[in-house]
Number of protein chains: 2
Amino acid sequence: MNSSILTIGHLARQTGTKVETIRFYEKNGLLPEPSRTEGNYRAYEPDHLNRLSFIRRARDLGFSLDQIRALLALSDNRGQSCAAVDAIASEHRAEVEKKITDLMALKAELDRMIDQCECGVVADCRIIETLSPK
Amino acid sequence: MNSSILTIGHLARQTGTKVETIRFYEKNGLLPEPSRTEGNYRAYEPDHLNRLSFIRRARDLGFSLDQIRALLALSDNRGQSCAAVDAIASEHRAEVEKKITDLMALKAELDRMIDQCECGVVADCRIIETLSPK
DNA sequence: CATGACCCTGTATACGCTACAGGGTCATAC
DNA sequence: GTATGACCCTGTAGCGTATACAGGGTCATG
């Protein structure tokens, strides 16, 4: 096999992605289908590697696959206004902020519940009591 | 039909749960199978309602179904030490704390990225640039 | 030519539901 | 008595983001 082609394993190692995940991205339209070798192996080009890196970075930042699809489409149209990119990123940031707020409220409730526990028997357990209907 | 029996719809309305979700809890061993009417309707007892309320409260607090199964088992053994309950709740709190920490780090990164955007064209977009491999 | 690393497709699993198809039951109105 | 509509039943498929595995083919190396 030509040693200069990029196999799926190469892409996986270079981006820290599982092979199955790369195939999953292809099936879901995030990564274009590469050409195939005679033995039916996927043969990637450097562009595929760049695109996959982009996807992984965006995933690390918590963007959804839908958002990433949109970001990729935008980054392919380099003359367009970047307002749409900003909108996606800001929308995502707002989601993250909401999650933080919600989780902090949740943690406060858990703190209250757990701090009451005097660790006797279950019958007297404040945690169970808090969960039980009055 | 006997007007005093609790149908699945009653449980649903009284706990703010969808009917399908109640059946899902039953299939997944959180809610015991109730007896049936002649017409094969589920006929619940007040205990079922209490148990479902417990489940919903715990879900609202973010406990997983596995954790809730364990909490229910513990609350059925009222003489046991409540340390196990405390362990589950503390484990969950630690997970929530970790999520908050992770999301705050994420938000900081998003802030940095978005603040750089000068909203020109995509070719100059700092957001796309941040995501792209160098 | 045998071994083992790698690749292929297709399907099942995880979480916690939600939705739907295709049917049965029940209370109420006429 | 029957028509309507609200409610119930089972079983299956779908969401998002992968991960795992079965059962097989390909490739480089000894």
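If you're wondering where the values come from, they're calculated on a predicted model, not measured in any experiment. A note on names: the letters A, B, ... follow the listed sequences, proteins ahead of strands, and every chain is numbered from 1. All values below were derived from every heavy atom in this structure, side-chain atoms included, with hydrogens, water molecules and symmetry-related copies excluded.
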Could you pull out the closest heavy-atom pair between A:V121 and B:G79, with the gap in Å? CG1-O, 3.3 Å

Salt-bridge criterion met for A:E95 and A:K98 (N-O under 4.0 Å): no

Between A:E26 and A:R42, does any side-chain N to carboxylate O distance fall below 4.0 Å? yes

Residue among A:V19, A:T17, A:L31, A:L65 satisfying side-chain contact (heavy atoms from CB on, under 4.5 Å) with A:F24: A:L65

Anything under 3.5 Å between a protein N or O and an N or O of nucleotides 2-6 of chain C, put it in a table, one pair a line.
residue: C:dC6; atom: O2; partner: A:Y41; partner atom: OH; Å: 3.4

Taking only residues two or more places apart in sequence or in another chain, which ones pass salt bridge (charged side-chain N to carboxylate O under 4.0 Å, His left out) with B:R56? none

Heavy-atom closest pair, residues B:C125 and A:V85: SG-CG1, 3.7 Å

Looking at A:R42, I'd like to know whether one of its side-chain N or O atoms comes within less than 4.0 Å of OP1 or OP2 on C:dC7. no

Expressed in angstrom and rounded to an integer, what is the separation of B:L52 atom CG from C:dC17 atom P? 11 Å

From NE2 of A:H10 over to C1' of C:dC7, roughly how many Å is that when rounded to an integer? 13 Å

Closer than 4.0 Å, any side-chain N/O of A:R23 to the OP1 or OP2 of C:dT9? no

State whether the number of non-hydrogen atoms from other residues, nucleotides or ligands found under 6.0 Å of B:K107 atom NZ is greater than 12. yes

Please report, rounded to the nearest Å, how far the C1' atom of C:dC17 is from the CD atom of B:E26. 16 Å

Give a yes or no on whether a salt bridge exists between A:R51 and A:D47, defined as a side-chain N under 4.0 angstrom from a carboxylate O. no

Separation of C:dC8 P from A:E38 CD (nearest whole Å): 15 Å

Whether each nucleotide of nucleotides 13-19 of chain D has a protein heavy atom under 4.0 Å at its base (B), only at its sugar-phosphate (S) or at neither (-) is summarised, 5' to 3', as ----BBS

